[in-house]
Amino acid sequence: MICRSEKVRLALTALALLGGNALYSLVVAVFLEPSGLITGGATGIALAVNRLAGLPVSGVMLVINVAMLLVGWALLGRRFALSTLASSFLSPLTLALWERLLAGYVLTQDLLLCALFAGVGIGTALGMVIRVGGSTGGMDIPPLVLQKYFRLPVPITMSVMDLMILLAQAVSSPKEQVLYGIVLVFVYTVVLDKVILMGRHRVEVKIISAHTDELRSMILSEVDRGVTLLQGEGGYLRQPCQLLMTVISSRELPRLERLVHAIDPACFMVVSEASEVHGRGFTLADAGPAPRDGR
């Protein structure tokens, strides 16, 4: 019997897959199809075929996704194919729905606005799908096949394929659409990275001070975060010292700085970004009293 928490997780995963693919398809229908912008992946191929032969974008995407799904099933295994199954069908089916509902609708003819909003929308949609462990399928599959059988790096082969798709569209597209299409790809790449790491960004703080015990007690009691004590040695006088390390959210940083400087205004403090943090207090549910040291 599936426990309640597992049911909630599955429901949220299904919602994210549906929402991500629906948003992706909406962006294609509202911004890409009317503006003539170019893009990569299966969507780029489908848009190119639509402009050359007049075939529906959603239909061409469905054919490409199903073909790639079968290739993935045969060469990468059943488990991988199942992870791409949802997006392989949801994306073209929701696009067909948006094309029917928004037939002939043009939100804006400004190519810059189309490129920017399409980039934000596509990056957000792909990030939603990837965050829950889903795969977008389509033209993401050939690079994985090449990696498995020829040991070629996925980022390089994926970039080369996207570049080839962009160049193929550039031949028959006006120069403006090509340039704005490059802006679109850049924007959704940046947004995708941000969405994937959203909510996981933390701040790592290191403190060197003569008031180690007071600072440690303050972090444990006032900030309610764990702290680790590291043994160090001064580089000039070669005297032993202790370094305090703690990981907090960015919102907690100003308060921590005020509390630290109230105890030791002359302390040496280093603040750095931590793109992702795993462990008790961040990604693990509390199963009892949390150990304060060593986090």
Side-chain angles (χ1 to χ4, degrees), residues 1-32 39-44 46 57-58 61-62 64-66 68-69 72-73 76-102 116-141 143-144 154-155 158 162 184-185 187-202 249-250 274-279 281-285:
M1 184 176 179
I2 301 178
C3 64
R4 182 184 179 86
S5 61
E6 183 67 13
K7 288 182 179 179
V8 172
R9 188 189 68 80
L10 291 174
L12 291 176
T13 298
L15 187 62
L17 288 173
L18 178 59
N21 282 282
L23 175 60
Y24 183 91
S25 302
L26 178 63
V27 170
V28 173
V30 173
F31 294 110
L32 297 189
T39 188
T43 305
V57 177
S58 56
M61 280 184 64
L62 180 61
I64 295 173
N65 285 353
V66 171
M68 291 297 101
L69 179 65
W73 189 299
L76 299 176
R78 177 183 175 185
R79 188 172 185 177
F80 173 82
L82 290 176
S83 71
T84 68
L85 186 62
S87 294
S88 295
F89 289 95
L90 279 174
S91 185
L93 291 179
T94 52
L95 178 57
L97 177 62
W98 290 125
E99 286 175 338
R100 181 179 293 271
L101 293 176
L102 303 173
L116 293 177
F117 278 93
V120 172
I122 290 175
T124 303
L126 294 179
M128 290 171 63
V129 173
I130 293 172
R131 275 179 69 98
V132 296
S135 171
T136 55
M139 296 307 295
D140 290 347
I141 294 176
L144 296 174
V154 171
M158 189 172 291
D162 272 342
L184 160 66
V185 173
V187 172
Y188 83 62
T189 301
V190 173
V191 173
L192 173 60
D193 289 338
K194 298 295 183 183
V195 172
I196 290 176
L197 294 176
M198 186 180 297
R200 301 176 183 177
H201 178 271
R202 295 292 185 268
S249 69
S250 54
S275 61
E276 192 167 350
V277 177
H278 293 277
F282 294 97
T283 59
L284 298 180

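Looking at Y24 and I122, their side chains come closer than 4.5 Å, going by heavy atoms from C-beta outward. You'll find the side chain of F117 stays beyond 4.5 Å of the side chain of V30, heavy atoms only. With contacts defined as side-chain heavy-atom distances shorter than 4.5 Å, the pair L192/I130 qualifies. Looking at T124 and V27, their side chains never come closer than 4.5 Å, going by heavy atoms from C-beta outward. In this structure the side chain of V195 never reaches within 4.5 angstrom of the side chain of L126, judged on heavy atoms.
Nearest approach of N65 to P92, heavy atoms of both residues: ND2-CD, 3.7 Å. When all heavy atoms are compared, the tightest approach of L26 to W98 is N-CD1, 3.4 Å. Between M61 and A46, the shortest heavy-atom distance links the atoms CG-CB, 3.5 Å. Of all heavy-atom pairs between M128 and L23, the closest is SD-CD2, 4.4 Å. Pairing each heavy atom of I64 with each of M139, the nearest pair is CG2-SD, 4.3 Å.
Proximity of a side-chain donor or acceptor of S25 to a complementary backbone N or O of S91 within less than 3.5 Å is detected.
Remark: of the listed residues V191, V185, V187, V185 is the sole one forming a side chain to side chain contact (heavy atoms under 4.5 Å, CB included) with T189.
For residues 12-30, there are no salt bridge (charged side-chain N to carboxylate O under 4.0 Å, His left out) pairs, not counting sequence neighbours.
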List, one per line, each side-chain donor-acceptor pair under 3.5 Å for residues 10-22, sequence neighbours excluded.
{"from": "T13", "atom 1": "OG1", "to": "R9", "atom 2": "O", "distance (Å)": "2.9"}
{"from": "N21", "atom 1": "ND2", "to": "L17", "atom 2": "O", "distance (Å)": "2.7"}
{"from": "N21", "atom 1": "ND2", "to": "S87", "atom 2": "OG", "distance (Å)": "3.2"}

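Atoms CH2 and CG, on W73 and L69 in that order, are 7.5 Å from each other to the nearest 0.5 Å.
Judged as a side-chain hydrogen bond (donor to acceptor under 3.5 Å, both in side chains), and not counting sequence neighbours, T84 has no contacts.
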